[in-house]
Amino acid sequence: MRRRRSVRLSALITAVAAVGSLSVAAAPAAPPPSDRGTPPKEPVAVGYGGAVASVDPEASAIGVDVLRRGGNAVDAAVATAAALGVTEPFSAGIGGGGYFVYFDADSGRVHTLDGRERAPLSADETLFLENGEPLPFDEAVTSGLSVGTPGTPATWDAALDEWGTTSLRKAVRPAAKLAHRGFTVDETFRSQVADNEKRFRDFPASAELFLPGGELPEVGSTIRNKDLARTYTTLGRRGVDAFYRGPLARDIADTVQDPKVAEGADRVVRPGDMTARDLREYDVEFQDPTHVDYRGLDVYGMAPSSSGGTTVGEALNIMENQDLSDASKKEFLHHYLEASKLAYADRGRWLGDAAYEDVPVEGLLSQEFADARACLVDDEKALKSPVAFGDPRDPAGCERGDQVAPLTYEGTSTTHLTTADRWGNVVSYTLTIEQIGGSAMTVPGRGFLLNNELTDFSFAPAAEDVPDPNLPGPGKRPRSSMSPTIVLEDGKAAFALGSPGGSTIITTVLQTLVNRVDRDMSLPEAIAAPRATQRNTEETLLEKDLYDSSVRGELEDMGHLFAETGEIGAATGIERLGRGKWLAAAEPERRGAGSAMVPHPVRQER
């Protein structure tokens with residue numbers, strides 16, 4: 001019998017406001033960007049006037065300054081994202097794409113923008129085949145074939161035009177100034193350059209930008225990107241059409257069609273087919289969010305082409321069959337892992353770009369289908385992975401199935417930011433250039449890397465005799481796991497979150513959300529907690545603290561198999577505390593820690 005427990009997050013506000021070692025109740029407000037050096041990283045901030053959480057303190061400070069000057073959550077999100085294109089160029093930037101989820105406090109509605117990259121109009125299912133065989137993955141990544149038509153600039157423009165209060169010119173101006181004056185290299189930036197050094201050296205424009213003087217940038221040195229500053233200024237003055245038409249569009253297409261490789265480099269870099277027409281005809285998609293009810297809360301996410309909203313939603317529906325409020329750690333993790341396993345099994349079979357594939361979104365998010373899958377979960381024994389997918393179009397009791405859709409590769413880079421404003425509006429925005437460093441190709445003279453997003457397509461059908469909805473096609477968007485999420489309570493924003501991490505994004509968001517709701521953790525505690533990711537694979541990956549814990553043995557006795565891994569995800573989030581107060585939260589350690597800020601740590605006199 002299905003059991004439900006009504007959750008009132010408002011009853012937990014007192015506990016959230018006193019998080020303990022993770023709280024910074026008296027955190028100072030960030031000074032205006034022009035009046036400071038690099039601000040310190042603080043993973044938690046509580047205060048008034050809204051909130052910003054991102055991976056980078058320069059970017060968060062720019063977003064907070066927008067809020068302080070009267071901008072709304074959308075204005076702050078775009079300004080923060082533009083700054084991340086400067087300081088986090090290997091994870092995001094105008095050469096990539098993403099998904100933008102917005103809650104409008106006045107209407108009480110959640111809106112979404114699909115700004116995912118698209119394949120060239122010339123692409124077909126053979127995009128990554130050569131002589132009938134799939135290309136080696138590393139050769140496909142570092143090539144023009146991997147580059148999708150970028151959607152990030154169009155996303156910024158559409159979001160500002162539809163819901164913002166400022167212009168694109170004003171939104172990108174702080175990031176242009178940051179790119180011109182430079183920022184301080186930290187260990188994370190240096191290590192990401194080091195991971196890509198061989199690739200960057202093979203492209204003169206990338207080497208010039210990221211290997212100053214031919215060497216790895218030193219921690220504490222300053223990196224300037226005057227080319228990107230000029231590109232942002234051009235976008236501000238001429239509008240987003242400057243990116244998708246004219247000289248800049250031609251430079252992007254030329255870089256894809258004729259990659260400029262360093263003299264003497266022995267890397268084979270295959271050209272792609274992106275044309276000026278592909279850029280000219282790109283557009284973002286306004287679409288309805290996914291929605292499920294979980295413990296009395298309304299959980300909204302991103303619909304296909306992302307698989308995030310449906311997979312998180314299905315897993316929550318499966319978990320809702322159990323009252324986990326008093327569950328032991330073993331019981332809680334068991335149900336979380338089993339729900340993830342089943343939802344990923346269905347993701348692999350059914351999720352693709354809904355403009356090209358018949359994706360049964362309603363069925364995947366139905367409680368009827370979730371109940372049919374949940375009855376496979378045994379309280380005492382783990383399901384053997386990989387499990388077969390079910391059929392959401394015609395759910396049957398105990399949906400067992402007999403065919404498996406394997407997990408396909410998805411790069412682990414990406415970045416996420418979350419913003420809120422004084423009026424109660426909220427943005428959850430995940431953006432990416434795919435793997436760290438993208439395609440490794442910088443557009444000469446323009447200062448930004450191009451994505452390798454098309455490698456998120458299946459190169460060939462993932463399994464024999466199982467339809468694959470994620471094969472390339474003309475203008476098609478590859479499947480994504482990005483899961484920007486906004487949770488409402490009684491029609492108002494309760495909290496919002498998201499994460500980078502490739503196909504582990506979904507489990508990061510899911511685990512953080514259920515930690516917050518079912519385990520009564522504060523949002524900072526839910527983000528900091530050790531993670532596990534089960535994606536319908538034979539082994540579940542555990543971060544060290546979980547791998548070394550006694551609960552691993554307890555779960556192994558139930559049939560779970562584990563392997564240790566490094567960091568899983570790098571989440572950020574915000575939470576409404578009531579009476580105009582907000583909490584911003586970011587990672588305390590993962591990916592070098594994140595940056596949470598608020599405009600005012602104390603209420604301002606009106």
Side-chain angles (χ1 to χ4, degrees), residues 85-86 89-97 117 119-120 122-123 127-128 130 135-150 152-153 179 192-217 223-232 234-235 242-280 411 413 433-455:
V86 179
F90 315 125
S91 299
I94 55 175
E117 302 88 338
S122 62
L127 178 65
F128 290 110
E130 201 167 88
L135 287 172
F137 188 81
D138 61 339
E139 294 183 22
V141 167
T142 312
S143 76
L145 292 172
S146 73
V147 183
T149 307
T152 292
Q192 291 179 343
V193 176
D195 290 343
N196 285 282
E197 182 177 1
K198 291 182 179 178
R199 294 204 302 155
F200 287 167
R201 289 194 184 280
D202 286 343
F203 299 98
S206 297
E208 181 181 2
L209 182 56
F210 300 120
L211 296 165
E215 303 295 332
L216 290 174
I223 287 282
R224 296 178 176 85
N225 190 341
K226 294 184 179 180
D227 287 343
L228 182 57
R230 285 189 290 268
T231 300
Y232 277 166
T234 298
L235 289 179
F243 187 90
Y244 292 98
R245 300 170 185 268
L248 177 51
R250 288 194 295 271
D251 287 349
I252 295 169
D254 288 347
T255 303
V256 173
Q257 294 175 19
D258 184 20
K260 303 300 187 290
V261 181
E263 186 176 349
D266 58 6
R267 186 185 302 274
V268 176
V269 181
R270 294 169 177 82
D273 291 332
M274 184 194 297
T275 66
R277 179 190 171 194
D278 290 306
L279 286 151
R280 187 171 61 250
S413 188
I433 60 170
E434 177 54 357
Q435 76 173 52
I436 294 174
S439 67
M441 299 189 301
T442 297
V443 181
R446 301 298 188 173
F448 62 91
L449 286 159
L450 291 173
N451 68 85
N452 67 291
E453 212 65 61
L454 299 188
T455 58

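When reading the values below, keep in mind they use all heavy atoms of this one structure, side chains included, and skip hydrogens, waters and symmetry mates. When a residue number appears, it is its place in the shown sequence, counting from 1.
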**Prompt:** Can you name the residues that form a side-chain contact (heavy atoms from CB on, under 4.5 Å) with S143, not counting sequence neighbours?
**Reply:** L145, S146, R270
**Item:** NZ/NE/NH1/NH2 to OD/OE distance under 4.0 Å, K260 and D258
**Value:** yes
**Prompt:** Under 3.5 Å, side chain of N452 to main-chain N/O of Q435, donor-acceptor pair present?
**Reply:** yes
**Item:** Ring-ring centroid check F90 F200, cutoff 6.0 Å
**Value:** yes
**Complete:** Rounded to the nearest 0.5 angstrom, the CG-CD distance for L450 and E117 is 10.5 Å
**Prompt:** Atom CD of E208 and atom CG of D227: how far apart are they, to the nearest 0.5 Å?
**Reply:** 7.0 Å
**Prompt:** Mind checking what makes salt bridge (charged side-chain N to carboxylate O under 4.0 Å, His left out) contact with D254, not counting sequence neighbours?
**Reply:** none
**Fill in**
Between P444 and A205, the two heavy atoms sitting closest are CA-CB, 3.9 Å
**Prompt:** Between T142 and F203, is any pair of side-chain heavy atoms under 4.5 Å apart?
**Reply:** yes
**Request:** Kindly indicate whether the side chain of F243, heavy atoms from C-beta on, has any atom under 4.5 Å from the side chain of I94.
**Result:** yes
**Item:** side chain to side chain contact (heavy atoms under 4.5 Å, CB included) between M441 and L449, intermediate numbers included
**Value:** CA-CA 6 Å; M441 299 189 301; L449 286 159; 5.8 Å; no
**Item:** Euclidean distance, T442 OG1 relative to L209 CG, rounded to 0.5 Å
**Value:** 5.5 Å
**Request:** State, yes or no, whether a side-chain contact exists between Y244 and P153 at a heavy-atom distance under 4.5 Å.
**Result:** yes
**Request:** Using modelled atom types only, decide if a donor and an acceptor are shared between the side chain of T455 and the backbone of V141 within a distance under 3.5 Å.
**Result:** no
**Message:** Can you give me the closest heavy-atom contact between N196 and R199, atom names plus distance?
**Reply:** OD1-NH2, 2.8 Å
**Request:** Would you check if F210 and I223 make a side-chain contact, meaning some heavy-atom pair closer than 4.5 Å?
**Result:** no
**Item:** D202 side chain to A265 backbone, donor-acceptor under 3.5 Å
**Value:** no
**Request:** Please test V268 against E139 for side chain to side chain contact (heavy atoms under 4.5 Å, CB included), starting from the C-alpha separation and ending with a verdict.
**Result:** CA-CA 8 Å; V268 176; E139 294 183 22; 5.6 Å; no
**Request:** For residues R446 and L248, determine if any side-chain heavy atom of one lies less than 4.5 Å from a side-chain heavy atom of the other.
**Result:** yes
**Asked** Can you tell me if Q257 uses its side chain to pair, donor with acceptor, with the backbone of D273 under 3.5 Å?
**Response** no
**Message:** Working to the nearest 0.5 angstrom, can you tell me the gap between S439 OG and I433 CD1?
**Reply:** 7.5 Å
**Prompt:** So how far is it from R250 CZ to T255 OG1, rounded to the nearest 0.5 Å?
**Reply:** 12.5 Å
**Request:** List the atom of A276, the atom of A253, and the distance in Å for their closest heavy-atom pair.
**Result:** N-CB, 4.0 Å
**Request:** Measure the spacing between CG of L454 and CE of M274 and express it to the nearest 0.5 Å.
**Result:** 7.0 Å
**Asked** Donor-acceptor pair, D278 side chain versus T149 backbone, under 3.5 Å?
**Response** no
**Asked** Should V147 and E453 be marked as a side chain to side chain contact (heavy atoms under 4.5 Å, CB included) after you check the CA-CA gap, both sets of side-chain angles, and the distance that decides it?
**Response** CA-CA 6 Å; V147 183; E453 212 65 61; over 6 Å; no
**All side-chain contact (heavy atoms from CB on, under 4.5 Å) counterparts of A207, not counting sequence neighbours** = L211
**Prompt:** With side chains defined as the heavy atoms from C-beta onward, is the minimum distance between T275 and P120 less than 4.5 Å?
**Reply:** no
**Item:** Check: N225 side chain, L228 main-chain N or O, donor-acceptor pair, under 3.5 Å
**Value:** yes
